[in-house]
Structure formats: structure tokens, C-alpha cells
Peer 1: 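One structure, as C-alpha cells, below. Some questions next.
Fair warning: this is a prediction, and the values are worked out from it, not measured in the lab.
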Amino acid sequence: MEEKSCPICDKAIRSDASVQEFCKLCGMGISDPSDKPKCRAGDGRTVFFCCEKCLAVYNANINRMEV
């Protein structure tokens, strides 16, 4: 399996068919979203993030434009 690095948080991004949630910013698969950062998107959906850094970038640059 080929790995790529997230340009935001520099973590490895892997493809996994069993993962049902993904980081809203970088696309990293999240196997257990219960312990990951999350927020409400502009459309009211709950979106998850692989780390606090991706959440901060999303809130500062994307989420405020979706409202």
C-alpha cells in the first residue's frame, strides 16, 4: 500500500475500506472518531478531523465561509 503525507499535519494518509469517517481537511481515514476533534460544518453536519491542527486550519479558513 502506498502512503502519502498530509500537507497540513504531515501524518501518513492510508486508504482503508473499513474506515467510515475521514478528516474533513486532509482526507485521512479515522478509525475511531469518538476520540478525534470535531465541529459542525456550515450545513449543520458534524465533521471529524485527524488532529487539532487540521481542525484549526478548517475553522480559520473554510468553515467560516460555509455559513
Side-chain angles (χ1 to χ4, degrees):
M1 173 186 336
E2 186 177 324
E3 287 187 1
K4 295 183 179 184
S5 293
C6 170
I8 306 300
C9 64
D10 204 33
K11 291 183 180 181
I13 300 170
R14 295 182 180 174
S15 177
D16 185 348
S18 66
V19 173
Q20 295 189 7
E21 294 293 342
F22 297 88
C23 178
K24 178 70 174 173
L25 188 68
C26 73
M28 175 185 277
I30 299 172
S31 57
D32 183 12
S34 65
D35 67 344
K36 296 297 182 186
K38 62 186 173 194
C39 75
R40 292 249 180 238
D43 62 5
R45 292 178 299 122
T46 299
V47 292
F48 296 91
F49 299 88
C50 64
C51 64
E52 292 290 339
K53 187 171 182 180
C54 281
L55 171 61
V57 171
Y58 177 82
N59 277 332
N61 297 294
I62 298 169
N63 199 25
R64 62 186 173 90
M65 294 185 294
E66 292 180 349
V67 176

Peer 1: Suppose we screen for side-chain hydrogen bond (donor to acceptor under 3.5 Å, both in side chains). Which residues come up paired with D35, at least two apart in sequence or across chains?
Peer 2: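 By the side-chain hydrogen bond (donor to acceptor under 3.5 Å, both in side chains) rule, D35 matches no residue at all.
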Peer 1: For F22 and G27, work out which heavy atoms get closest and say how close.
Peer 2: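 What the structure gives for the nearest pair is CD2-O, 3.4 Å.
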Peer 1: If you take all heavy atoms of F49 and L55, which pair is closest and at what distance?
Peer 2: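 It is CE1-CD1, 3.5 Å.
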Peer 1: Give a yes or no on whether V57 and V47 share a hydrophobic cluster (residues Ile, Leu, Val, Met, Phe, Trp, Tyr; joining criterion: side-chain heavy atoms under 4.5 Å apart).
Peer 2: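 They do share one cluster, since a chain of ILVMFWY contacts under 4.5 Å joins V57 to V47.
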Peer 1: So how far is it from R45 CZ to C39 SG, rounded to the nearest 0.5 Å?
Peer 2: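 Interatomic distance, R45 CZ to C39 SG, rounded to 0.5 Å: 10.0 Å.
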Peer 1: Which atom pair, heavy atoms only, marks the closest approach of C54 to L25?
Peer 2: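 Here C54 and L25 meet closest at O-CD2, 3.5 Å.
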Peer 1: Which heavy-atom pair separates P37 from C51 by the least distance, and what is that distance?
Peer 2: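 P37 and C51 have their closest heavy atoms at CG-C, 3.6 Å.
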Peer 1: Pick one: which of E21, K36, M28, K24 meets side chain to side chain contact (heavy atoms under 4.5 Å, CB included) with C50?
Peer 2: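 Considering E21, K36, M28, K24, a side chain to side chain contact (heavy atoms under 4.5 Å, CB included) with C50 is found only for M28.
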Peer 1: Could I get the full list of side-chain hydrogen bond (donor to acceptor under 3.5 Å, both in side chains) partners for T46, not counting sequence neighbours?
Peer 2: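 So T46 forms a side-chain hydrogen bond (donor to acceptor under 3.5 Å, both in side chains) with R40.
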